[in-house]
Amino acid sequence: MPTFLLVHGAWHSGQCWERVVPLLEAAGHRVFAPSLTGYGDKAHLLGPEVGLDTHADDVVALITEEDLTDVVLVGHSYAGLVVTSAADRIPERLAHLVYLDAMVPEDGESAADVQPMTRHLIELAEASESGWRVPPMPEQPAPLGLFGVTDPDDVAWLRGMLSDQPVRCLQQRVRLDNPALNAVPRTHIHNVGNQPAGITRRPVAPVQPNGTPARIRELPTGHDSMITMPDALAGLLLTLAG
């Protein structure tokens, strides 16, 4: 039975998957939802040296140390870069690659290439006192909310787990040189509700790298669907593991 590895996006921590994990476990799957270096229980490791490569290392280390195979690797938002980088190193351990409202890079691209609005965030960080901290995006008036979360209790819960993102995460480039990665099936889950201002989504190529038609699913909610629609998201993920 496939194992799920859920990778959170920028500013978040593994805690954001709290509502999805038990639904996948109830269906009999092992589930991992770690916090990447600099977030959650690893917040003390946050520093200017932390970058995309650090986070890809986190994912690869967990998979290899736990000796995981048949993994459904899910990356949310910025973590689309992370899971792609990790997948290039260990494609033989993966059953499926899932991009959840995520950045989908090509070889040599950074977050600034995939999501142009991050260039502004990089400029702000470099001009700040720290020179490297990128603070979380602010809450916006309804119906946008905080990463698409609008319920006051949920907003408070989400805000409590957010922390700064090192600018290096947005600057480092993905390096893809393993042809075996192309054989890993992919699914794109788009959250098509209200999105934070400035967020754009690249069109998905009609054909996957493995030659099969692109698989795109949609959820009628904002960016953080693991918080606003956990049941629907878990249901979609389970169909990929069936």
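The model shown is predicted, which means the values in this text are computed figures rather than measured ones.
- From Trp11, atom CH2 reaches atom OG of Ser163 across 10.5 Å, with rounding to the nearest 0.5 Å.
- For the atom pair CE of Met103 and OG of Ser77, the computed distance is 5.5 Å after rounding to the nearest 0.5 Å.
- Considering Leu24, Leu23, Leu100 in turn, Leu100 is the only one that fulfils the side chain to side chain contact (heavy atoms under 4.5 Å, CB included) rule with Leu233.
- Under a hydrophobic-cluster definition in which Ile, Leu, Val, Met, Phe, Trp and Tyr are linked whenever side-chain heavy atoms come within less than 4.5 Å, directly or via other members, Val134 and Leu46 are assigned to the same cluster.
- Residues Leu181 and Leu176 form a side-chain contact, since some pair of their non-hydrogen atoms from C-beta on lies under 4.5 Å apart.
- Both tests pass for Arg19 against the ring of Trp157: distance under 6.0 Å to the centre and angle within 45° of the axis.
- Val20 and Ala234 get closest at one heavy-atom pair: CG1-CB, 4.3 Å.
- Listed for the Ser13 side chain is a donor-acceptor partner under 3.5 Å among the backbone atoms of Gln15.
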Please step through side-chain contact (heavy atoms from CB on, under 4.5 Å) for the pair Leu6 and Phe32, ending with a clear verdict. CA-CA 6 Å; Leu6 312 176; Phe32 293 85; over 6 Å; no
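- Using a distance-only test at 3.5 Å, with no hydrogens or angles considered, no donor-acceptor pair links the side chain of Lys42 to the main chain of Leu36.
- When all heavy atoms of Ala102 and Gly75 are compared, the pair lying nearest together is CB-O, 3.4 Å.
- Residues Leu162 and Leu45 do not share a hydrophobic cluster, defined by chaining ILVMFWY side chains whose heavy atoms lie under 4.5 Å apart.
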Between Asp107 and Val174, does the side-chain contact (heavy atoms from CB on, under 4.5 Å) criterion hold? Intermediate values first, please. CA-CA 6 Å; Asp107 179 40; Val174 172; 5.6 Å; no
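- Asp151 contributes a side-chain N or O that, together with a main-chain N or O of Asp153, makes up a donor-acceptor pair within less than 3.5 Å.
- When the options Thr221, Leu144, Val155 are evaluated for a side chain to side chain contact (heavy atoms under 4.5 Å, CB included) with Val149, the one that passes is Val155.
- The side-chain heavy atoms of Gln165 and Val50, taken from C-beta on, include no pair separated by under 4.5 Å.
- The aromatic rings of His188 and Tyr99 sit parallel, their planes meeting at an angle under 30°, below the 60° perpendicular limit.
- Taking a cutoff of 4.0 Å between a charged side-chain nitrogen and a carboxylate oxygen, Arg89 and Asp57 qualify as a salt bridge.
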Stepwise side-chain contact (heavy atoms from CB on, under 4.5 Å) check, Val74 with Val7: CA-CA 6 Å; Val74 182; Val7 185; over 6 Å; no
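- Looking at Glu139, its side chain never comes within 3.5 Å of a backbone N or O of Gly145 through a donor-acceptor pair.
- The ring of Tyr39 has its center closer than 6.0 angstrom to the ring center of His55.
- The local environment of CD in Glu106 is sparse, with at most 12 non-hydrogen atoms from other residues, nucleotides or ligands closer than 6.0 Å.
- The aromatic rings of His223 and His76 lie tilted to each other, with the angle between the two planes from 30° to 60°.
- In this structure, Thr212 and Val207 have side chains that are not in contact, with every pair of non-hydrogen atoms separated by 4.5 Å or more.
- Remark: side-chain polar atoms of Thr118 are paired, donor with acceptor, to backbone N or O of Ala111 under 3.5 angstrom.
- Across all non-hydrogen atoms, the minimal contact from Arg186 to Pro209 is CZ-CG, 3.8 Å.
- Looking only at side-chain heavy atoms (C-beta outward), Asp164 and Pro136 come within less than 4.5 Å of each other.
- Qualifying ring-ring contact (aromatic ring centres under 6.0 Å, His included) partners for His190, counting only residues two or more places apart in sequence or in other chains: none.
- Criterion: ILVMFWY side-chain heavy atoms under 4.5 Å apart, direct or through other members. Under it, Val114 and Val204 are not part of a common hydrophobic cluster.
- Minimum interatomic distance between Asn210 and Pro185 (heavy atoms only, all atoms of both residues): ND2-CA, 4.0 Å.
- The two residues Gly222 and Asn191 make their nearest non-hydrogen contact at O-CB, 3.1 Å.
- In this structure, the side chain of Ser130 engages the main chain of Arg133 through a donor-acceptor pair within 3.5 Å.
- A pairwise comparison of heavy atoms in Val72 and Ala241 identifies CG2-CB, 4.4 Å as the closest pair.
- Contact of the Met161 side chain with the Cys16 side chain is registered, since non-hydrogen atoms from C-beta on lie closer than 4.5 Å.
- Salt bridge status for Asp101 with Arg201: present, with a side-chain N to carboxylate O gap under 4.0 Å.
- Annotation: the span from Gln171 atom CD to Arg173 atom CZ amounts to 9.5 Å, rounded to 0.5 Å.
- Using a distance-only test at 3.5 Å, with no hydrogens or angles considered, a donor-acceptor pair links the side chain of Asp88 to the main chain of Asp177.
- Between the side chain of Thr150 and the main chain of Leu146, no donor-acceptor pair closer than 3.5 Å is present.
- Counting only heavy atoms from C-beta outward, the side chains of Leu219 and Val192 never approach each other to under 4.5 Å.
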Given Val98 and Leu237, is the side-chain contact (heavy atoms from CB on, under 4.5 Å) satisfied, shown in steps? CA-CA 9 Å; Val98 182; Leu237 294 177; 4.1 Å; yes
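- The distance from atom CZ of Phe4 to atom CH2 of Trp17, rounded to the nearest 0.5 Å, is 11.0 Å.
- The CG atom of Asp154 lies 8.5 Å from the CG atom of Leu158; values are rounded to the nearest 0.5 Å.
- Annotation: side chain of Pro91 is in contact with side chain of Asn178 (closest heavy-atom distance under 4.5 Å).
- In this structure, the side chain of Arg119 engages the main chain of Ala112 through a donor-acceptor pair within 3.5 Å.
- For the atom pair Leu73 CG and Thr3 OG1, the distance stands at 11.5 Å (nearest 0.5 Å).
- Counting heavy atoms from C-beta on, the side chains of Phe147 and Ile227 never come closer than 4.5 Å.
- Under 4.0 Å is where a charged nitrogen must lie from a carboxylate oxygen, and between Glu66 and Arg93 no such pair does.
- Judged purely by atom type and a 3.5 angstrom limit, Thr64 has no side-chain atom pairing as donor or acceptor with the backbone of Asp67.
- His96 and Thr187 form a side-chain donor-acceptor contact under 3.5 Å, judged by distance and modelled atom types alone.
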